[in-house]
Amino acid sequence: MHAAHCISESPASARRHECPRPRRATRAPRRRRPARAHPRPTRLSRAPPQSRAARAPQRLHPAPAPAGPRARTHPLPSDTTTDIAAGLARLQASAGTPLHAITDFFSLFPAIHLLTSAPAPLTRATHGVLAAFLDGAPPDAAYIELRTTPRATPHMSRRACIEAVLRAVEARPAARAALVVSVDRRMAPSEACEVVRLAAQLRREGRRVVGVDLCGDPTVGDMTLFVELFAEARAAGLGVTLHIAEALVLARRTCVEICLTSNLLCKTVQRLEDHHIRYYLARNHPIAICTDDILPFRTSLLGEYALLMAPPPLGLGLSEAEIETVARMGMESRFPPAPAPALDSPADADAV
């Protein structure tokens, strides 16, 4: 499961991921200083839940896609491979997971996937991720768009995988949580097609799927293979979010997801003061603060906002007004909700 897009609440009220972008979660900043370290779902901002604004047709996020929810599930089988055991040891290290290059991040996935390879543990893990973002006092996020890449395993189909995550997402109010279904760029065209069409079908059924995402190792795959497929997703009413370079984003006012901790640990920027967030802020371009994967990066939405607020060299030293603006940008870039399922007959209406 991916990081989420999170939204937090305003200084004067409560908080937004993130996310998972999650994602995604969104909130407007509050006036007190956030009190935690960072990575979590994809997006953060703090502002009390407000009316849903129309979002940009697509979002771009240069950070790697998150892996899976942080939660304990079932015992490891006896045939656990050496690579998976090593991955688990790295994830459980008290000092955190050392990442020397962006490709190190993806070596953690086999261990995470093993722990969430059946519907029950996957739903349980999703509940844990949502609780981490939405149940605090105050919560990390007012709204979260969680992301997951559906996998077919001996214990579940891809549809069963998405439905396992939706069971946890749909246990929350619609104004607080939704799901973005991810396509890994390493997938075969037939697999990617299956994932996008499952997302579209579930949306037509009234399930809480709001978008599709292109994720995965940016050093592999050919993005041009997904152009027609993602056009099909948009035609089905799904939002589109992409892990790519920021081409054409200024002209189109496309919201860019920012994962500060992920960028630093994966060495896509060497120092916080060199981060490209300032480029977008100087142009008043829409951005959303996100967490990327909360397990390997050991962060939270509050932690990401703390990096915005802290004075240099510990943070970017943004003013309260600037942070409020960033939080509102995140809220305004949410994907529209799935429509209610159509009623086939007057009898259906009576049943409702």
Side-chain angles (χ1 to χ4, degrees), residues 1-6 8 16-25 34 36-45 59-70 90-91 95-109 112 129 132-133 140-141 144-149 180 182 184-185 213-219 241-246 255-280 287-308 310 314-316 326 330:
M1 176 171 311
H2 296 352
H5 161 179
C6 304
S8 42
R16 170 200 232 238
H17 58 69
E18 141 229 337
C19 192
R21 145 132 49 94
R23 219 157 192 276
R24 250 179 224 207
R36 237 200 207 151
H38 44 285
R40 229 144 175 133
T42 304
R43 218 177 259 207
L44 331 167
S45 50
R59 292 193 296 252
L60 302 182
H61 36 94
R70 179 188 58 182
R90 292 177 66 196
L91 291 172
T97 303
L99 299 174
H100 303 292
I102 192 170
T103 49
D104 290 348
F105 174 82
F106 298 98
S107 66
L108 302 173
F109 282 18
I112 295 170
V129 172
F133 280 94
D140 256 22
I144 181 169
E145 282 171 4
L146 196 65
R147 293 185 185 140
T148 192
T149 305
V180 173
S182 295
D184 192 309
R185 65 183 69 215
D213 171 40
L214 182 62
C215 69
D217 189 339
T219 65
T241 175
L242 309 169
H243 284 74
I244 61 172
E246 296 83 6
C255 180
V256 177
E257 297 178 354
I258 302 290
C259 304
L260 295 169
T261 299
S262 170
N263 294 157
L264 287 170
L265 293 180
C266 290
K267 307 298 189 294
T268 55
V269 295
Q270 296 302 312
R271 303 177 306 167
L272 193 58
E273 53 266 39
D274 296 331
H275 199 280
H276 48 280
I277 186 174
R278 292 194 178 278
Y279 175 84
Y280 295 111
I287 63 172
I289 300 301
C290 305
T291 60
D292 209 335
D293 198 296
I294 61 176
L295 178 58
F297 295 124
R298 308 288 172 94
T299 193
S300 70
L301 188 55
L302 289 176
E304 299 297 304
Y305 270 90
L307 288 177
L308 296 180
L314 299 178
L316 294 170
V326 169

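Computation of the quantities below employed the complete heavy-atom set of this structure, encompassing side-chain atoms and omitting hydrogens, waters and symmetry-equivalent molecules.
- Leu308 has its side chain within reach of Ile277: a pair of non-hydrogen atoms, C-beta onward, lies under 4.5 Å apart.
- In summary, of the residues considered (Asp184, Val180, Thr148), a side-chain contact (heavy atoms from CB on, under 4.5 Å) with Asp213 occurs for Val180 alone.
- Of all non-hydrogen atoms in Arg271 and Leu264, the two that sit nearest each other are C-CD2, 3.8 Å.
- Side-chain atoms of Ser182 never come within 3.5 Å of backbone atoms of Thr149 as a donor-acceptor pair (strictly under, hydrogens ignored).
- Between the side chain of Glu304 and the backbone N or O of Leu260 there is at least one donor-acceptor pair closer than 3.5 Å.
- Residues Leu272 and Leu314 share a closest heavy-atom pair of CD2-O, 4.0 Å.
- Here the CG atom belonging to Asn263 is positioned 5.0 Å from the NE2 atom belonging to His276, to the nearest 0.5 angstrom.
- From Leu214, atom CG reaches atom CG of Leu242 across 6.0 Å, with rounding to the nearest 0.5 Å.
- Residues Leu307 and Leu316 fail the side-chain proximity criterion, which asks for heavy atoms closer than 4.5 Å.
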